[in-house]
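Notes to accompany the following structure.
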Amino acid sequence: MFTEDFKQYIKFPEDIELVVHIFESSSRMCEERIKMTSDERMKKVLQSDKYSSADGCIIIPPLSENRFDILVVNSDLVTYNLWHEMVHVRNVVEYRNRTGQNYDRLYSHILFVNWDEFEARKMSTRYLYEKMFESSGMAYDDFIEERQGVFENLARTLEEYITVDEITKEDNSKYNLMQYLGFVAAIEELCKDKFVLPRFLESHKTAMELYEQFKAI
């Protein structure tokens, strides 16, 4: 659904082939992810509980130079999660092309790791609601106003997963915080002058600084 359109939306690299694998459970997807991962160090990392409940991932390093495998769990959000992973593929390909770094070294660059998660959540969320608007038959302002409560509730739900370390330590992976910030950035771009900054960002200076930093990239 809209996958080819989404490729155009995010300027997906034309020379990259995507192979999508769909699984009925997160645990089954994680098992296959480990099997498909060639890097032995990463195999050990993936065996932690942190990855056993994921709903999507990409295989790094890729199985061949111009092919990426995306793994997603079958659910009501399977297409949305596929878009999210497609942004990850675009990001790592562009970053590798710019820096010359091998794929398996990209994730040692914390700034890239955090921006990558921020950008994937922002782009997939913005596209989802833009498509919902197109099919709604509503005036844009009415569409946004009707969903303000939904946006606020989803933001509060994401806030619950943010850990203390993510908003106090400087040089670390901030997965949950980036998911949240990427979602908020998408909502800001959708709502435009009707956007209301969440209280969480108003009260956490580090999170607000990161939000402004990644929006500017």
Side-chain angles (χ1 to χ4, degrees), residues 6-7 9-13 16 45 50-51 53-58 60 68 70-72 77 79-99 101 103 105-131 147 150-192 195-217:
F6 188 67
K7 282 185 176 181
Y9 186 79
I10 63 172
K11 296 181 174 61
F12 192 85
I16 297 298
V45 171
K50 173 183 176 182
Y51 297 95
S53 60
D55 47 27
C57 66
I58 64 176
I60 294 288
F68 273 84
I70 293 179
L71 284 58
V72 288
L77 296 174
T79 304
Y80 175 62
N81 293 331
L82 173 59
W83 296 337
H84 182 92
E85 300 305 327
M86 288 170 65
V87 180
H88 283 312
V89 173
R90 182 206 67 180
N91 292 347
V92 297
V93 169
E94 290 185 352
Y95 188 72
R96 195 285 300 265
N97 290 342
R98 286 199 306 268
T99 65
Q101 294 281 356
Y103 283 118
R105 297 192 62 187
L106 295 180
Y107 291 102
S108 63
H109 298 178
I110 295 300
L111 179 63
F112 171 75
V113 169
N114 289 328
W115 172 81
D116 178 38
E117 201 58 54
F118 170 92
E119 183 73 1
R121 183 56 62 210
K122 184 187 81 170
M123 296 298 289
S124 55
T125 299
R126 193 179 72 190
Y127 183 75
L128 172 67
Y129 283 104
E130 286 178 0
K131 287 300 173 184
R147 280 156 184 77
V150 174
F151 295 156
E152 292 170 4
N153 289 334
L154 287 171
R156 282 195 291 269
T157 298
L158 291 172
E159 286 170 14
E160 295 175 2
Y161 294 93
I162 299 170
T163 66
V164 173
D165 280 354
E166 289 180 321
I167 55 177
T168 55
K169 292 185 178 179
E170 292 186 5
D171 192 23
N172 66 333
S173 175
K174 303 176 186 293
Y175 175 82
N176 296 304
L177 179 59
M178 291 302 112
Q179 292 273 333
Y180 171 76
L181 296 182
F183 176 82
V184 172
I187 300 311
E188 179 174 7
E189 293 179 3
L190 288 162
C191 293
K192 302 174 185 175
F195 174 72
V196 178
L197 187 71
R199 291 181 181 177
F200 178 86
L201 287 180
E202 291 179 338
S203 59
H204 291 86
K205 180 181 177 182
T206 299
M208 187 63 195
E209 289 174 349
L210 288 167
Y211 182 63
E212 295 295 344
Q213 176 185 4
F214 288 120
K215 278 200 306 176
I217 293 179

*For the residue pair F12 and F68, is the inter-centroid distance of their aromatic rings smaller than 6.0 Å?*
no
Using atom types as modelled, flag every donor-acceptor pair under 3.5 Å from a side chain in residues 157-165 to any protein atom, sequence neighbours excluded.
unit_1	atom_1	unit_2	atom_2	d
T157	OG1	N153	O	3.0
E159	OE2	Y180	OH	3.0
T163	OG1	E166	N	3.4

_Can you tell me if R156 has over 12 outside heavy atoms packed within less than 6.0 Å of its CZ?_
yes
_Euclidean distance, I187 CD1 relative to R147 CZ, rounded to 0.5 Å_ = 11.0 Å
*If you measure from the Lys or Arg side-chain nitrogens to the Asp or Glu carboxylate oxygens, is any gap between K122 and E119 under 4.0 Å?*
yes
*With rounding to the nearest 0.5 Å, note down the distance linking OH in Y95 to CG in D116.*
10.5 Å
*Any side-chain heavy-atom pair from L197 and M208 closer than 4.5 angstrom?*
yes
*Do the side chains of I60 and V92 get nearer than 4.5 Å, heavy atoms only?*
yes
*Do the side-chain N and O atoms of H84 and E117 include a donor-acceptor pair separated by under 3.5 angstrom?*
yes
_Among residues at least two apart in sequence or on other chains, which ones pass salt bridge (Lys or Arg N to Asp or Glu O under 4.0 Å) with K174?_
none
*Rounded to the nearest 0.5 Å, what's the gap from CG on N91 to CH2 on W115? Could you check?*
3.5 Å
*Taking atom OG1 of T125 and atom CD of Q179, what is their separation to the nearest 0.5 Å?*
8.5 Å
*Minimum side-chain heavy-atom gap L71-E85 below 4.5 Å*: no
*Nearest-0.5 Å distance that lies between atom CZ in R90 and atom CD in E94*: 5.5 Å
_D171 (side chain) donor-acceptor with L111 (main chain) under 3.5 angstrom_ = no
*Under a 4.5 Å cut-off applied to non-hydrogen side-chain atoms, are Q101 and F112 in contact?*
no
*May I ask you to test the L181-L201 pair for a side-chain heavy-atom distance under 4.5 Å?*
yes
*If only atom types and distance count, is the side chain of S203 paired as donor or acceptor with the main-chain N or O of F200 below 3.5 Å?*
yes
*asked:* Any side-chain to backbone donor/acceptor pair from N81 onto L77? Under 3.5 Å, distance only.
replied: yes
